[in-house]
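Quick note on labels: first sequence line is chain A, next is B, and so on, each numbered from 1. These numbers come from a predicted model, not from an experiment. What's counted below: heavy atoms across the whole structure, side chains too, no hydrogens, waters or symmetry copies.
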Amino acid sequence: MKLDIRNSKPAQFAILLVVFFILCLAIGPGESNYLWRLPPLFKELPTVINDSIQFVMYDWWPIQVYDPDIEDFEEKALFSEITRSISSAFLFVITLIREIFLGGTKTIVAFTGWDFIDKNPWAEWPALPWTVIAGWAIVLGYKLQGKGLALLAALSTGYIGIFGQWEPSMQTLSFVLIAAPVSVAFGLALGIWGYKNHWVEAALNPLLNIAQTMPHYSYLVPVIVLFGVGDQAAAIATIFFATPPMVRLTMLGLKNISPDIVDAGMMNGCNRAQLLFRVQIPTARRDILIGVNQVVMQCLAMTVIASFIGAQGLGSNLMIALNSLKIGSGLEIGLCIVLIAVLLDKLSLAWANKQTDYFADLGFVKRHQYWLICGAILIAGILFAYFGGLIFDEDFNYLYIVPHNKGITTAPFWQAAVDWIWDTFFFMLKDFNEFLIVSILVPMKEAYLAMPVAATFLLVMGTAYILAGIRSALIVCGFLLFIAFSEYWDRALITAYMTTFSVIVASVVGITVGSLCAQNSTASKVVLLLCDFFQTFPSFIYLIPVIMLFGITDTSVIIAAVVYALVPAIRYTVEGLRNVPAVLHDAGSMMGVSRFQRWISIELPLAFPHIMLGVNQTVVFALFMVIIGAFIGTTDLGQLILKAISDPRGTGIGIILGLCVAFIGLAADQILRTWANERKKALGVA
Amino acid sequence: MISKKFSRALLATAVGALFAVSGVANAADSNKPIKIPIKNWSSQIVMAHVIGGMFESMGNKVEYVPVDNQASFEAVRTGDLTILHEVWQSTMQNAYYNAMEKGGLIDAGTHEAATLEEMGVPNWVIDKGLCPGLPKWEALKDCSAAFATPDSGGKGRWLEGPQSWHGDVMPNRVKGLGLDDKWVVKFAGAADALWAELKSAEKEGRGTIIFNWSPNFTDASGFTFIEFPPYFDGCRIADGGSMETTGCGSPPGWLKKGANYKFPKTHPKAYAAFSKLSFTTPQIGQMAALVDVDGLTHADAGKKWLADNEDAWKPWTVSVLGAGN
Amino acid sequence: MPSESDSSANEQAVIKCESVYKIFGDNAHKVLENSNGKVDAESFKEAGCIVGVNNASFEVREGELLILMGLSGSGKSTLLRCISRLTDPTAGKIYIEGQDLLAMNSKELIEVRRSKMGMVFQSFGLLPHKTVLENIAFPLQVKGQNTKESIRRAVEMAELVGLGGRENYFPRELSGGQQQRVGIARSLAVEPDIWFLDEPFSALDPLIRKEMQDEFIRLRKVLNKTILFVTHDFDEALRLADRIAIMKEGVIEQLDTPANIVLNPATEYVRKFTEEVPREKVLKVSSVMEPVSDSEQFGDLKVSKDAIVETVAEAILSQDKPVAVIGDNNETVGTLHASHVLNMLFGGKSGKGDEGD
């Protein structure tokens with residue numbers, strides 16, 4: 001009997017559940033009953049954190065800084081002065097790129113001063129006509145890959161240029177063009193360091209998790225104080241968010257290199273740098289390129305949140321449109337974001353895969369043909385713009401730059417589509433919504449809140465122990481204790497309830513859809529493209545229609561979370577299944593298993609570890625969206641984070657709340673990741 | 001001790017040098033741009049362009065920075081934004097006064113406009129007779145069923161804005177008025193959630209009561225504010241009131257301006273004009289309507305308003321320039 | 001190039017190993033010191049160490065092809081990795097052209113690898129992101145040669161290994177044999193003096209393996225390198241080697257010419273390998289020929305002393321006169337009688353190798 005329990009996980013779970021329910025029934029609610037709720041020992045923590053952060057930001061190591069504007073010295077804190085100088089460097093580069101696209105004076109100002117501009121009104125860099133940049137993008141696409149990419153570039157830039165989104169798109173692009181490469185470089189460096197040093201890797205993992213799961217809103221104020229408001233602050237916040245997947249995939253890729261290749265590199269006489277940059281990194285590039293893809297996606301997914309701290313461009317226009325319920329123009333803008341993401345992703349991929357032709361022995365014109373074409377496009381574009389100015393008698397010129405919100409637009413089309421969906425499905429969904437809320441969500445929420453803290457600990461730690469061992473159980477216990485000792489346990493339970501529900505739905509749907517699509521390579525490609533789409537398409541856009549369909553209810557939050565969390569569930573399932581060696585398919589077929597049996601008994605178990613990593617990401621994505629759900633209206637941690645910003649102790653409260661959210665994610669991550677790793681070892685795939 | 005001081009001085013020089021590279025030294029009456037926040041509602045953005053246009057007419061440079069409303073207060077404090085031109089009492093006074101307390105934000109006067117921020121219903125709710133007796137608040141005693149939602153537990157749903165706007169004022173008011181057995185307060189997460197709710201309720205023909213304000217774009221389709229017991233200082237529990245008095249309605253709200261503390265020193269004339277500037281409710285309504293009704297872009301709306309209303313704004317700049325010269 | 005066991009020992013040893021040990025384990029050095037030179041796998045295992053190479057001493061002379069042969073886990077690849085210093089031996093000395101390899105700092109080591117060593121790997125070790133040409137040119141580019149030069153050289157090398165026309169393919173677009181041709185070309189691009197091959201043909205299927213071995217023999221003739229070759233395939237070793245070192249559990253059991261190993265296995269372990277080997281496939285004419293006596297009347301047929309007996313047997317048997325054996329310079333060095341060959345073919349086959357001659 002004893003032996004049986006040790007080996008049988010279902011039996012262990014059964015015992016765990018029995019004890020759990022006994023605890024739930026035995027422990028009644030009570031203020032002083034510590035088995036019901038732990039005392040808020042960390043109640044003062046927000047104040048302490050708030051004070052220490054404020055000390056570092058405002059008071060620590062004060063220095064005298066001369067401010068020429070008020071002709072006086074000011075006392076400033078060293079730390080924020082340092083961060084401010086970093087951010088001004090960022091700002092300079094962003095402005096430079098932006099002014100290359102759109103024109104302006106600030107780059108010139110940076111080298112001369114505002115006085116110079118006042119005295120020399122001619123000193124303004126002109127904007128390039130949109131046709132020139134579009135032409136360059138097309139040529140670049142053609143040179144890097146061929147007609148397909150050139151066509152994509154043409155359609156994307158054409159859409160953006162003609163429908164009056166050029167200026168905000170270029171603003172967004174100019175900050176992405178900084179944030180993405182810096183994230184890639186930063187992620188690559190950290191990944192290499194983590195690969196070379198075991199301790200660094202161990203330290204990086206939780207930090208990356210926190211960077212990914214900590215809601216942005218919770219550290220908005222420190223970011224503003226340290227980096228200011230504007231594109232530079234937005235870029236820096238974006239880098240925090242976009243770097244983690246790059247680090248992870250770099251480490252993964254480097255670990256997976258066949259040792260022979262490294263040996264070969266060494267025998268070919270590479271020194272350390274050559275080995276790293278010419279052998280290891282290029283060899284690991286399949287994973288590293290997925291990392292780059294993720295960076296680009298995350299950067300553009302951040303555009304809306306970036307506009308909270310001053311990023312100009314599509315994100316802020318989107319928020320303005322949505323706030324007056326202009327969903328049509330919101331969709332038009334959202335599509336621009338997706339197009340930029342896809343185009344950047346494909347271009348960077350093509351660039352990395354580019355081949356050199358060593359046999360071409362070409363003349364000057366042939367060798368430099370693309371530069372010459374680009375030059376020709378510049379001249380032609382300027383001429384077009386000039387003649388366009390003569391033709392178009394409106395107050396703008398279609399061949400130069402179509403100002404935002406002018407000219408022809410696709411907004412009415414999108415608006416009509418949204419209205420159609422709304423009209424068609426409203427009443428159907430209303431019944432579903434009522435059923436869901438009354439019969440599932442409300443009871444589930446109440447059940448979560450009715451759990452004594454002791455029972456919650458038992459359940460989570462027990463699960464961790466059974467699936468991932470004693471070490472994981474203890475780590476998870478640490479995370480839970482932090483939340484339980486804060487004042488926010490009940491709020492965290494509500495967050496947990498919405499996240500659990502979303503993860504379950506997203507995983508079931510995602511794994512099913514992923515499995516179906518993985519059977520066919522075209523379907524796989526299409527569904528992965530859709531994943532890219534939904535990862536970058538700003539969730540704020542569908543929040544509004546979702547609210548219109550489902551009201552300000554938990555359903556809306558959960559639907560938004562499910563849509564977003566489906567992305568990793570599907571992506572990882574497809575990747576996992578597609579990577580099952582074909583040999584095993586054949587072996588299965590030879591044993592006479594049916595298609596379904598093969599899926600159940602061969603493919604799923606083998607792809608299981610990878611799928612579990614997908615579920616892990618699903619938790620992260622769902623959590624992220626549940627917190628964003630505060631913008632719909634929730635009563636969980638997210639709402640408190642929003643509220644904290646206007647609180648005088650807001651910085652501290654925000655960070656504690658953010659950590660609570662991150663720790664929920666980390667606890668799930670700990671269990672799922674360890675479990676997946678052990679399964680991997682058991683299957684011999686690791 | 002000495003070495004510590006010395007090293008600090010050294011660091012200060014180093015950091016100073018860094019700055020000398022990034023920012024360029026300037027003469028006193030600054031020609032650096034004035035940074036105006038762009039938030040996410042129409043009147044605010046148009047007013048930003050109106051005020052920006054006004055500054056430009058005085059020879060100043062202007063930069064518009066998109067920013068989250070709640071985050072903007074901290075940004076003005078640190079000088080990353082120069083002004084705040086539309087601070088609504090009811091929803092933003094917490095953040096405004098907190099920032100002032102921390103230092104860096106100064107009060108730059110109040111607009112003439114009185115704002116109205118209150119619970120209310122769209123006109124079609126009244127037309128449909130979903131709650132006979134509105135806009136008197138007493139009518140709410142008998143019509144809560146028409147405002148119920150699946151998750152409100154049979155009570156009527158009282159849809160308040162985000163909790164960051166007024167904290168517990170609404171739950172207290174519901175209790176104070178003795179409506180808590182019939183109504184339950186739900187916090188929406190953002191303004192656009194409120195507008196989505198309006199649309200969805202209209203579609204369904206279900207009653208809805210939301211927190212709203214005027215001037216706003218919802219004015220165009222008709223919105224009626226509920227008349228609660230009159231406000232007086234100290235009626236709310238947070239201000240020392242009791243359960244009996246906390247049922248009071250919203251005060252006629254002020255609309256304030258704020259600025260970074262350096263603004264008067266760096267741009268004395270612009271600051272003087274800004275502190276004099278004061279818009280009335282109809283003016284703000286006009287600005288919002290240019291966008292929400294006439295469909296202009298925000299920047300164009302700003303230009304048009306400036307062009308159409310020179311009488312209104314010129315005096316603020318002229319008097320300043322006159323005094324200056 | 002001919003360097004049989006009996007050739008003079010005064011040629012310079014290109015590779016020289018003295019008591020090389022490689023012990024795996026955290027406390028390898030300590031355990032080895034405490035063992036007083038008595039290293040055996042069992043007792044080391046108890047101390048938490050695994051013996052990779054156990055007291056290997058040998059020399060490889062210029063132009064010689066030495067094969068390290070053993071089953072998996074015998075330490076043959078480990079020994080090769082020690083000699084290429086992909087791993088550091090736990091104890092012992094290794095000299096490359098008289099230079100102490102283990103005393104070199106990383107800069108010197110890189111220099112040696114860039115100028116003197118080339119290596120071929122079992123799973124090819126090709127850079128997946130580079131084309132055939134780029135892979136071959138890689139060691140040259142790493143040395144600092146410019147693109148144009150290195151690519152020109154790579155084109156030559158590709159031609160040499162028979163990859164002409166596939167220069168711009170990526171490794172994934174090539175068959176296993178073709179990939180290994182790239183590996184070979186790459187290892188030869190810098191014109192190394194010493195050529196290491198670590199089970200180069202093991203990953204290939206038998207037909208291709210045979211083809212690649214022929215290719216290897218051809219290249220070896222053209223290039224004249226000192227070669228250290230690792231394989232687990234005894235037939236391959238017999239076919240290619242000048243000398244074979246048979247390894248078991250890290251120890252070199254026997255180091256000798258193929259013929260001597262087949263004819264005189266030193267240990268039971270070696271004997272087991274040789275059991276199934278048909279001698280005519282192994283032995284060269286030179287190892288079975290008889291000295292020339294003046295009275296001998298030769299027929300028209302002449303055979304090279306380096307020819308494998310099997311390949312010439314039929315021709316010899318059809319002769320009624322003794323056959324002359326000629327050396328490199330076409331001089332007669334020995335003689336073969338049909339009866340002698342018959343005896344070896346059939347007499348030897350019924351008996352086991354250990355019966356000897």
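Only the backbone of K39(B) comes within contact range of chain A, with at least one heavy atom under 4.5 Å from a heavy atom of that chain. With a 4.5 angstrom heavy-atom cutoff, A311(A) touches chain B only via backbone atoms. Heavy atoms closer than 4.5 Å to chain A are found in the side chain of L159(B), but not in its backbone. In this structure, the portion of I45(B) lying under 4.5 Å from any heavy atom of chain A is its side chain and not its backbone. In this structure, chain B has no heavy atom under 4.5 Å from any part of N317(A). Looking at E63(B), only its side chain comes within 4.5 Å of chain A, counting heavy atoms on both sides. For F427(A), the part sitting under 4.5 Å from any heavy atom of chain B is the side chain, from C-beta outward, and nothing else. Using a 4.5 Å cut-off between heavy atoms, V225(A) touches chain B through backbone and side chain atoms alike. Contact of K186(B) with chain A is made through the side chain alone, with heavy-atom distances under 4.5 Å. With a 4.5 Å cut-off on non-hydrogen atoms, Y97(B) does not touch chain A at all.
For Q312(A) (side chain) and Y64(B) (main-chain N/O), a donor-acceptor pair under 3.5 Å exists by modelled atom type.
Scanning both residues, Q639(A) and G189(B), for their nearest heavy atoms gives OE1-CA, 4.3 Å. For P66(B) against S316(A), the heavy-atom pair with the smallest separation is CB-CB, 3.4 Å. Nearest heavy-atom pair, I544(A) versus A196(B), reported as atom, atom and distance to 0.1 Å: O-CB, 4.1 Å. Closest of all the heavy-atom pairs between V65(B) and V229(A) is CG1-CG1, 3.5 Å. Residue A193(B) comes nearest to I632(A) through the heavy atom pair CB-O, 3.7 Å, listed as atom of the first residue, atom of the second, then distance.
In this structure, the side chains of H298(B) and I320(A) come closer than 4.5 Å at one or more pairs of heavy atoms. Proximity of S200(B) to F426(A): side-chain heavy atoms (C-beta onward) are separated by under 4.5 Å at one or more points. The shortest distance between side-chain heavy atoms of I38(B) and M319(A) does not fall below 4.5 Å.
Most heavy-atom pairs under 4.5 Å with chain A: of the set G79(B), P150(B), A201(B), this distinction falls to P150(B). When each of K102(B), K61(B), K35(B) is scored by its heavy-atom pairs under 4.5 Å with chain A, the top score falls to K61(B). Ranked by heavy-atom pairs under 4.5 Å with chain B, the first of I552(A), I437(A), I547(A), T553(A) is I552(A). With respect to chain B, the highest number of heavy-atom pairs below 4.5 Å among K445(A), E434(A), K326(A) belongs to E434(A).
For the atom pair Q163(B) CD and T634(A) OG1, the distance stands at 10.0 Å (nearest 0.5 Å). Between atom NZ of residue K203(B) and atom NZ of residue K430(A) there is a gap of 12.5 Å, rounded to the nearest 0.5 Å. K643(A) contributes atom NZ, which lies 12.0 Å from atom CD of Q70(B) (distance to the nearest 0.5 angstrom).
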Report task. Given side chain to side chain contact (heavy atoms under 4.5 Å, CB included), test E74(B) with T651(A) step by step and report yes or no. Result -> CA-CA 11 Å; E74(B) 192 68 20; T651(A) 310; over 6 Å; no
